[in-house]
Amino acid sequence: MTNATVVPFAGHGAPRTTTDRGHVAVSPVADPDERTRDRVLGAVLEHGPISAAELGDMLGFTPAAVRRHLDHLDRSGVIEVKRVAKAGAGAGRPARRYVLSSQGQSTLGNDYLDIATLALKQLQEVAGDDAVRAFAVERFADMERRYAPEIEQAGTDITARARALSEALSRDGFVASAASIEAKAPLPAALSSVQLCQGHCPIQQLAAHFPVFCDVETEVFSRLVGVDVRRLSTLARGGHVCTTHIPTGRLAAGGPQVPQAAPAGLNEVTNHQQERP
């Protein structure tokens with residue numbers, strides 16, 4: 001996402017026309033506020049999810065100035081707020097972090113996702129579903145290799161491993177958080193869990209066409225934490241966040257687990273239920 005896609009930003013509020021190649025052409029005249037908003041928008045695209053304070057430090061703006069431009073971009077629908085609690089921060093109001101919205105992605109152009117979707121559709125037609133799955137497995141193999149040593153350092157406690165996974169995902173821009181849910185009597189302790197949430201997905205559009213990407217990611221999470229997990233909601237299917245149910249009231253992690261069919265009540269919930277726990 002960090003390619004030279006900042007070109008279309010110039011004059012975010014200026015008149016735009018579409019060229020014969022489908023790219024956005026923008027009037028060269030832009031007032032100072034528009035140029036500043038373009039810088040803010042470019043920083044959100046390249047570094048999001050990012051806080052207002054981080055943007056201000058990066059761009060040299062006062063807190064009041066950066067929030068004014070963020071509010072304008074938010075009202076325009078090209079950015080959106082993701083609320084996420086910092087790992088280990090305990091109770092408290094989640095931090096506001098900014099990412100490009102789906103509308104913003106469309107406004108700025110998402111040719112690479114369109115090309116990837118078209119290429120995978122053609123691969124599916126020529127080689128079948130197994131070839132698409134193999135592609136998804138290879139795509140997530142690098143994530144698993146990078147995350148595994150860090151999660152192993154967390155020990156055998158499943159909650160600790162889930163929190164380590166959350167921290168690794170956040171560094172990669174997934175705006176992740178891990179909330180512990182303790183089962184209270186008369187419920188058995190074995191029903192305790194961690195709900196792992198991801199507020200951002202860089203391949204959301206692709207996963208909407210090919211849910212196998214979400215399935216393979218879930219399998220990677222299961223192997224990393226060392227226990228069978230359940231995917232409750234995904235951004236690709238219209239949820240507000242991707243939510244993964246990780247049971248913690250079982251034996252300590254003891255090796256790779258193979259995800260099984262979710263029991264009744266733990267399949268992906270309907271969109272109106274897909275909220276951060």
Side-chain angles (χ1 to χ4, degrees), residues 1-2 5 40-58 66-67 70-71 73-74 77-106 108 110 113 139-140 142-144 146-147 150-151 159 161-181 194-208 213-214 217-218 220-221 224-225 229 231-246 268-269 271 273-277:
M1 287 181 62
T2 59
T5 46
V40 173
L41 185 59
V44 172
L45 172 63
E46 185 172 359
H47 301 284
I50 187 170
S51 69
E54 290 167 341
L55 280 168
D57 291 341
M58 181 183 301
V66 74
R67 291 187 185 282
L70 287 170
D71 287 344
L73 293 168
D74 189 17
V78 294
I79 67 171
E80 61 186 13
V81 176
K82 297 290 185 183
R83 292 187 177 274
V84 57
K86 292 183 178 179
R93 188 174 182 180
R96 292 167 58 93
R97 303 185 74 84
Y98 295 87
V99 297
L100 216 60
S101 66
S102 297
Q103 177 183 326
Q105 293 282 5
S106 299
L108 299 177
N110 235 356
L113 278 178
R139 195 261 179 189
F140 283 103
D142 176 65
M143 170 191 282
E144 187 168 2
R146 289 188 294 109
Y147 290 4
E150 179 176 349
I151 293 173
T159 298
R161 294 171 76 91
R163 293 194 182 281
L165 174 59
S166 171
E167 292 170 2
L169 286 166
S170 287
R171 285 198 303 274
D172 274 354
F174 288 91
V175 198
S177 63
S180 293
I181 301 176
V194 167
Q195 297 238 334
L196 175 71
C197 293
Q198 298 158 258
H200 178 62
C201 175
I203 58 167
Q204 180 177 339
Q205 178 182 323
L206 195 65
F213 281 85
C214 299
E217 182 185 60
T218 305
V220 167
F221 289 175
L224 286 171
V225 298
V229 306
R231 182 58 63 86
L232 302 182
S233 69
T234 62
L235 287 158
R237 294 189 181 183
H240 298 296
V241 293
C242 296
T243 304
T244 304
H245 173 87
I246 303 174
E268 282 201 13
V269 295
N271 289 349
Q273 293 175 305
Q274 292 174 331
E275 299 285 353
R276 185 183 301 279

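Remember, predicted model here, so these are calculated numbers, not experimental data.
For the atom pair Ser51 OG and Asp57 CG, the distance stands at 8.0 Å (nearest 0.5 Å). Between His200 atom NE2 and Glu80 atom CD the span is 9.0 Å, to the nearest 0.5 Å. Leu165 contributes atom CG, which lies 6.0 Å from atom CG of Leu224 (distance to the nearest 0.5 angstrom). Going from atom CD1 of Ile50 over to atom CZ of Arg97 covers 7.0 Å, rounded to the nearest 0.5 Å.
Formation of a donor-acceptor pair under 3.5 Å by the Thr243 side chain with backbone atoms of Cys197 is not found in this model. No donor-acceptor pair closer than 3.5 Å links the side chain of Ser166 to the backbone N or O of Ala162. Arg67 places no side-chain N or O within 3.5 Å of a backbone atom of Ala52 that could act as its donor or acceptor partner.
Between Gly199 and Val241, the shortest heavy-atom distance links the atoms CA-CG1, 4.1 Å. Summarising the geometry of Leu73 relative to Val40, their closest heavy-atom pair is CD1-CG1, 3.8 Å, with the distance given to 0.1 Å. The shortest heavy-atom contact between Arg161 and Val225 is NE-O, 3.0 Å. Of all non-hydrogen atoms in Arg163 and Ser180, the two that sit nearest each other are NH2-OG, 2.8 Å. When all heavy atoms of Asp74 and Ile79 are compared, the pair lying nearest together is OD1-O, 3.4 Å. Between Leu235 and Gln204, the shortest heavy-atom distance links the atoms O-NE2, 3.5 Å.
Within the 4.5 Å cutoff, side-chain heavy atoms of Tyr147 are placed close to those of Asp172. Residues Leu196 and Val229 form no side-chain contact, since every pair of their non-hydrogen atoms from C-beta on lies 4.5 Å or further apart. Taking the side chain as every heavy atom from C-beta outward, Gln198 and Thr234 never approach each other to under 4.5 Å. Between Arg171 and Glu150 the shortest side-chain heavy-atom distance falls below 4.5 Å. In this structure, the side chains of Arg237 and Arg231 stay at 4.5 Å or more apart for every pair of heavy atoms.
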- Task: Starting from the C-alpha separation in whole Å, work towards a yes-or-no answer on side-chain contact (heavy atoms from CB on, under 4.5 Å) for Val66 and Tyr98.
- Result: CA-CA 12 Å; Val66 74; Tyr98 295 87; over 6 Å; no
